[in-house]
Amino acid sequence: MTELTQNSLNPSEAHDPKRSDFVREQVAEDLDAGRFSRGVQTRFPPEPNGYLHIGHAKAIVLDFSIAQENGGICMLRFDDTNPTTEDQRYVDAIVEDVRWLGYNPDSINYASDYFQQLYEWAELLISKGLAYVDDQSAEQIADQRGGFGRPGVESPYRNRGPNENLELFREMRDGMHSEGSRVLRAKIDMQNENMQLRDPVMYRIRDVHHYRTEDTWKIYPSYDWAHGQGDAIEGVTHSLCSLEFSDNRALYEWYLQQLPLEGEAPYQTEFARLELTYTVTSKRRLKQLVEDGHVTGWDDPRLPTLRALRRRGYPASAIREFCMFIGVSRTNSRHDIELLESFVRTELNQTAQRRMAVLRPLKLVITNWPEDENGQPVVEMRTLVNNPENDADGTREVPFSRELWIEQDDFRMEPPPKYFRLSPGTEVRLRGGYLVTCTGAICDEAGNPVEVHCTYDPQTAGGSAPDGRKVKSTIHWVDAGHAIDGSVALYDRLFKEKLPGETTGNPIDDLHQDSVEVLRDCKLEQSLCDATPNEVVQFERLGYFAADSELEGHFHRTVGLRDEWARLQKQK
RNA sequence: UCGGGGAUGGUGUAAUUGGCAACACAACUGGUUCUGGUCCAGUCAUUGGGGGUUCAAGUCCUCCUCCCCGAACCA
């Protein structure tokens, strides 16, 4: 239920058409100039060799929202041109993550669907004298490519005749040549200052199984030779990608110009990818964290992958709003993770029901609490508001009696300055219960309190005193006789440095040692039995917590509440 | 070294395209409150540097500096 509300696209969501950025301005200009007769079409083009993370979310939101704002369509296309690393399980995971984020692709396509067309176009380039088979090794080709400020030299095979090229290329296709023995190259310009244009490789021989085309191909197209053509075939108008492809744009355009395409050609626009403080968002780095066992898996809640954030309780809508808010630019930048967290808090403050849970329990005894006719402490049901931000969420009944659990942090034998909570002689409010005054505490040999004693004021049922007196603090509690046992995972930043790896070059060096703390002796309010998997609730005064999808009574801390007391202590 | 891109507070994004630098996060003050939450009020930048054009420059010109990307048969 919660899952559904969180995931469906809220129509009031701020996909503000007035919002302006360089991409949207360009799209608007294209529309005004009537440059595309087919309307706006975009696509999100992941390679199915890893899991989606928050950085991809930015691209997804951009691609889909631009299509939505212009009444266009947005597709999901898998750029599956490298069979050695790709797999169906990534396809499934990516589709799942995109849907969870709140988007339904207008179609799901695969670059591999175009292998035949691409092959035919390659033959066309060969016959036009614009592509040739090179028999050299990868090393030789790399050598000849030259360097920055240093022109390349032409391959001795560059001027092979079209017929010989065609014949060789067909042999490559038919598996008559071994891996690495030959490639098909575009014949462009070995002197060009843009390295992308120095006769790039179009096809390489790979005698491997492709997860979709299986064993039908022995040669596979490179990214550049597949991407723009995929866009063109699908009718994409605006092909958005990240900054590092800027130099590839010339090649993207060159390829399209050589082909007999119908309709206006798509064009590529690059934007800066999303980076966040205290985390990493590169496939390689994430993979390393998982494979080296620094985290428990791709869905470890400390990771910035979408499946991890989902498990941790981040609402999809908060991620979407965050992505819309940060906008798009061409400036390399790194956003504070706090901004993302603030979107999560804002969303959850509105939607998460309040519950009480004691993470580090300390026994509290109300010494003057009444007994019933059997000499047992009376159990009273108190009515608590489920969400002060949303009356429609109603109230619930919570048992209250003589012995309660309170947070260890909420009692001090000797209170420091500005400590408003319980200490001998002070009066506080037990949320939704009564005002209680501390009369003392029993301590163990080490001097640690093990049982706090209080008296309650029977006139203060519900939490307010008829004489109007105020207390400085309200603390949460769970009735000892009705509490359920639970466990909670508290997550901290995975990295202790704002820019992981900045000084050493290797983020692993900046890994936070205790980025997760599991508390197993938690006392939870009875109603938490009913928490549905992945439901996010607020534990009052502590933070937002997501119920584990499998383990009952186990919660993941999504994000803590802002904590004024912690702040004050830090200042000192 | 060559080519491409970029530079606005602590952070990120804006600025009617030449007209009083806005918004959010963070931080700090204070107020409200049955969550030290939420909410409310306030403080926090003369736009990388120099020169120029102009009544007027973050926006235009010019020189400089610094940062990012690019030499896979990866994407």
Side-chain angles (χ1 to χ4, degrees), chain A residues 19-21 45-47 49 79-82 84-85 134 136-139 141-152 179-185 192-198 200-206 219-220 222-224 226-227 241-250 270 272 277 283 325-343 345-346 349-350 354 356 384-385 388-389 418-421 428-433 435 460 462-464 470-476 498 538-543 560-568 571:
Chain A
R19 143 185 306 286
S20 162
D21 55 61
E47 185 190 11
N49 70 347
D79 264 351
D80 52 358
T81 55
N82 186 358
T84 51
T85 58
D134 195 328
Q136 299 180 103
S137 68
E139 298 71 46
I141 291 175
D143 270 1
Q144 289 168 5
R145 199 168 337 255
F148 304 143
R150 193 163 37 92
E179 276 193 30
S181 62
R182 269 168 249 263
V183 289
L184 183 73
R185 289 227 260 170
N192 203 294
E193 67 283 349
N194 181 348
M195 303 289 292
Q196 302 296 329
L197 264 18
R198 321 249 261 226
V201 168
M202 294 170 66
Y203 276 94
R204 64 297 208 196
I205 300 169
R206 278 293 127 84
I219 54 173
Y220 291 92
S222 64
Y223 161 84
D224 291 290
H227 195 89
C241 65
S242 45
L243 245 29
E244 66 269 28
F245 290 98
S246 297
D247 289 345
N248 297 56
R249 187 175 63 241
E270 313 87 26
T277 54
K283 253 178 211 172
F325 183 82
I326 59 173
V328 223
S329 76
R330 294 179 63 88
T331 312
N332 292 314
S333 60
R334 198 178 278 251
H335 282 81
D336 285 334
I337 188 97
E338 288 88 348
L339 181 62
L340 208 209
E341 290 175 342
S342 98
F343 274 87
R345 286 199 192 93
T346 301
N349 180 49
Q350 295 301 318
R354 316 285 126 125
M356 292 199 287
L384 278 286
V385 171
E389 305 294 323
K418 295 201 178 154
Y419 185 84
F420 301 148
R421 281 106 99 148
V428 302
R429 174 166 36 239
L430 294 174
R431 163 133 257 215
L435 300 188
T460 59
S464 40
K470 303 283 187 200
V471 291
K472 297 273 278 256
S473 185
T474 299
I475 67 174
H476 61 277
K498 198 166 194 170
Q538 183 194 102
F539 288 171
E540 293 221 37
R541 304 208 305 135
L542 299 174
L561 253 25
R562 219 170 252 115
D563 189 344
E564 180 81 359
W565 174 238
R567 206 200 96 226
L568 283 175
Q571 275 181 353

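Naming convention: chains lettered A, B, ... in sequence-line order (proteins, then strands); numbering from 1 in each chain.
A/R354 comes within contact range of at least one nucleobase, with a heavy-atom separation under 4.0 Å. Across all strands, A/E540 comes closer than 4.0 Å to base atoms (heavy-atom distances). Among the protein residues, A/N194 comes within range of no part of the nucleic acid, since none of its heavy atoms lies under 4.0 Å from any strand. If you check every strand for non-hydrogen atoms under 4.0 Å, A/F539 touches nothing. Using a 4.0 Å heavy-atom criterion, one finds that A/P388 contacts the bases of the nucleic acid, with or without backbone contacts as well. Within 4.0 Å (heavy atoms only), A/L568 reaches at least one base atom of the nucleic acid.
Between A/F420 and A/W565, the distance from one ring center to the other does not fall under 6.0 angstrom. For an aromatic pair to be called close, the ring centres must be under 6.0 Å apart, and A/Y203 with A/Y220 fails this.
For the OP1/OP2 pair of B/U13 and a distance below 4.0 Å, the side-chain nitrogens and oxygens of A/S333 include at least one atom meeting the criterion. Residue A/R567 places at least one side-chain N or O under 4.0 Å from the OP1 or OP2 atom of B/U29. Checking the phosphate oxygens (OP1, OP2) of B/A26, a side-chain nitrogen or oxygen of A/R562 falls inside 4.0 Å. Put simply, A/S222 has no side-chain N or O that comes within less than 4.0 Å of OP1 or OP2 on B/C73. Neither OP1 nor OP2 of B/U13 sits under 4.0 Å from any side-chain N or O of A/R330. At B/G3, none of the side-chain N or O atoms of A/R198 fall inside 4.0 Å of OP1 or OP2 (strictly under the cut-off).
Comparing B/U35, B/C25, B/A75 by their closest approach to the side chain of A/T474 singles out B/U35.
Counting heavy atoms from C-beta on, the side chains of A/R354 and A/E389 come closer than 4.5 Å. Contact of the A/V471 side chain with the A/S473 side chain is not registered, since no non-hydrogen atoms from C-beta on lie closer than 4.5 Å.
In this structure, the aromatic ring of A/F420 is positioned over the six-membered ring of the base of B/G36, centres within 5.5 Å and planes within 30°. Taking the 5.5 Å centre cut-off and the 30° plane limit, the aromatic side chain of A/Y223 is not classed as stacked on B/A75. In this structure, A/F148 counts as stacked on the base of B/G70 under the 5.5 Å centre distance and 30° plane angle limits.
Of the two residues contacting RNA chain B, namely A/E338 and A/H335, the nearest-nucleotide position lying further toward the 5' end is that of A/H335.
At whole-Å resolution of the value, CZ in A/R421 and P in B/U35 are 13 Å apart.
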